[in-house]
Amino acid sequence: MADQVDVAIIGGGPAGLTAATYLRRFLRSCVVIDAGHSRARYIPESHNCPGFPQGVSGRELLARMRAQAETFEARIVEARVERIENSGEGFTVSAGERRWHARNVILATGVADRLPEVPWCEDAIARGALRLCAVCDAYEARDQRIGIHGPADGLIGHARFLRAYSPDVALLPTDHALAGADAATARELGVRVLPPGGTLDFDGERCHYRTPEGDETFDTIYPYLGHHGYADLLRGLGLPGDEGELKVDLHQQTRIPGLYAIGDVVSGLNQISVAFGQAAIAATHAHNSLPHVPRG
């Protein structure tokens, strides 16, 4: 037997928890199905999240938001959704042996960063030696020695942004040397380009980039290795799910009526504040699409 809910929310990060708070305050039944993989958990301390002038860690923010949603009796289930089926009159969401039938579904899965495959990765992130979002925290890295690590063809855009924060920025290509135009732009920006294919190391405080030509030490390194979405959830629905950029309308609704998408799975600007706004829009539209229930 499937549990009946007005809205099933897939993902318990900032977007999903905001949507749950809104829906419960609209007196709608909802369930948040969370696999515990929110990108926000990696944030050592955010200083651009509204309402936290002294900063807040990602884990603390998630705990506060979860507590807020639970204040309004939102149900939060720890499980990984494996399948969504569209019956035309609603959706069936499956996680292992559990099933939920929902009139509407809000996808708040986010995306998963591809991180350096090293055992010290999470420790370096916690210490700020690796940083995952320049929009979020380049202010904190200003005037530091900054490395940008990733495929050569995608580094110049990140270099242009970070060069405004530090005079010492270097590119650490994972695959090949920069092509002519990109190499010329790097010179114009005053950005150093190190030999490709080096290895990363971490001494407990700072990261190092090691090549046969020598070692370089950085105060922080931004790895831009791409990300992956959760295409398996969308199999059978006819929606793309690999690039984390689902197309939605002004109400955050996909081309499938009743199926919404919010947060990093949609936006090119992966920010908590953006997730808040998208969640409010989707939850409100989902509420208005449901049958009116007068207070008895």
Side-chain angles (χ1 to χ4, degrees), residues 11-22 34 36-69 108-115 121-150 154-155 157-169 206-207 218-227 229 244-245 248 252 261-283:
L17 292 171
T18 299
T21 294
Y22 269 73
D34 180 31
H37 297 156
S38 172
R39 291 169 106 185
R41 74 190 191 281
Y42 285 124
I43 301 172
E45 192 168 68
S46 172
H47 291 272
N48 67 350
C49 183
F52 294 93
Q54 304 308 316
V56 62
S57 74
R59 292 184 184 273
E60 181 184 351
L61 179 66
L62 290 170
R64 285 173 175 251
M65 295 188 68
R66 182 174 180 134
Q68 183 177 16
T109 58
V111 294
D113 294 288
R114 292 189 175 95
L115 301 174
C121 186
E122 292 199 14
D123 187 27
I125 292 171
R127 293 174 181 271
L130 284 180
R131 296 178 181 270
L132 304 183
C133 175
V135 173
C136 302
D137 58 21
Y139 181 89
E140 278 67 46
R142 64 195 187 280
D143 295 326
Q144 293 184 358
R145 297 193 73 195
I146 297 174
I148 305 172
H149 181 64
L155 295 183
H158 301 300
R160 189 184 305 278
F161 183 87
L162 283 162
R163 184 63 180 81
Y165 288 89
S166 174
D168 193 344
V169 176
R206 294 187 295 178
C207 282
F218 294 92
D219 297 310
T220 194
I221 289 177
Y222 284 88
Y224 290 107
L225 303 173
H227 59 260
E245 295 180 352
V248 294
Q252 298 300 131
I262 60 177
D264 292 355
V265 74
V266 174
S267 174
L269 181 59
N270 298 331
Q271 294 290 291
I272 290 171
S273 56
V274 173
F276 290 163
Q278 291 178 341
I281 291 167

Inset, instruction - Decide yes or no for Asp137 and His47: does some side-chain heavy atom of the first lie under 4.5 Å from some side-chain heavy atom of the second? - result: no

Legend entry - Minimum heavy-atom distance Met65-Thr18, with the two atoms named: CE-OG1, 3.0 Å

Inset, instruction - Side-chain contact test, heavy atoms from C-beta onward, threshold under 4.5 Å: evaluate it for Gln68 versus Leu17 and give yes or no. - result: no

Legend entry - From Leu155 atom CG to Tyr224 atom OH, the distance as rounded to the nearest 0.5 Å: 10.0 Å

Inset, instruction - Quick one: closest heavy-atom pair of Asp34 and Gly11, and the distance? - result: OD1-C, 4.2 Å

Inset, instruction - Dump the intermediate steps for side-chain contact (heavy atoms from CB on, under 4.5 Å) on Asp219 and Arg206, then the final yes or no. - result: CA-CA 5 Å; Asp219 297 310; Arg206 294 187 295 178; 3.5 Å; yes

Inset, instruction - Give the C-alpha distance, both sets of side-chain angles, the deciding distance and a yes or no for side-chain contact (heavy atoms from CB on, under 4.5 Å) between Asn48 and Gln271. - result: CA-CA 9 Å; Asn48 67 350; Gln271 294 290 291; 3.1 Å; yes

Inset, instruction - Please check if atom OH in Tyr222 has more than 12 non-hydrogen atoms from other residues, nucleotides or ligands closer than 6.0 Å. - result: yes

Legend entry - Partners passing ring-ring contact (aromatic ring centres under 6.0 Å, His included) against Tyr42 (at least two apart in sequence or in another chain): none

Legend entry - Asn270 side chain near Arg39 side chain, heavy-atom distance below 4.5 Å: yes

Legend entry - Trace of the side-chain contact (heavy atoms from CB on, under 4.5 Å) decision for Leu61 with Cys49: CA-CA 9 Å; Leu61 179 66; Cys49 183; 4.0 Å; yes

Inset, instruction - Locate the shortest heavy-atom distance separating Ala138 from Phe161; write the atom from each residue and the value. - result: CB-CE2, 4.1 Å

Legend entry - Gap separating the CG atom of Leu130 from the OG1 atom of Thr220, nearest 0.5 angstrom: 6.5 Å

Inset, instruction - Say whether, by atom type as modelled, one donor and one acceptor occur between the side chain of Glu45 and the main chain of Ser57 under 3.5 angstrom. - result: no

Inset, instruction - Mark yes or no for whether Ser166, through its side chain, and Val169, through its backbone, hold a donor-acceptor pair below 3.5 Å. - result: no

Inset, instruction - Dump the intermediate steps for side-chain contact (heavy atoms from CB on, under 4.5 Å) on Leu115 and Ile125, then the final yes or no. - result: CA-CA 10 Å; Leu115 301 174; Ile125 292 171; 4.3 Å; yes

Legend entry - Close side-chain approach of Ser38 to Pro14, heavy-atom, < 4.5 Å: yes

Legend entry - Crowding at CZ, Arg160 (>12 non-hydrogen neighbours, <6.0 Å): no

Legend entry - Residue pair Phe52 / Arg64, side-chain heavy-atom distance below 4.5 Å: yes

Legend entry - Contact summary for Ala283 and Ala19, nearest pair of heavy atoms: CB-O, 3.9 Å

Inset, instruction - Evaluate whether atom CZ of Arg114 has more than 12 neighbouring non-hydrogen atoms of other residues, nucleotides or ligands under 6.0 angstrom away. - result: yes

Legend entry - Taking every non-hydrogen atom, the tightest pair across Ala15 and Ala279: O-CB, 3.3 Å

Legend entry - Spacing of CZ belonging to Arg142 relative to CG belonging to Leu162, to within rounding of 0.5 Å: 13.5 Å

Inset, instruction - Of all the heavy-atom pairs spanning Ile262 and Gly16, show the shortest one and how long it is. - result: CD1-N, 4.3 Å

Legend entry - Interatomic distance, Thr109 atom OG1 to His37 atom NE2 [nearest 0.5 angstrom]: 12.0 Å

Inset, instruction - Taking the side chain as every heavy atom from C-beta outward, state whether Pro223 and Leu132 have any pair of such atoms under 4.5 Å apart. - result: yes

Legend entry - Residues which pass ring-ring contact (aromatic ring centres under 6.0 Å, His included) with Tyr139, listed by chain and number, not counting sequence neighbours: none

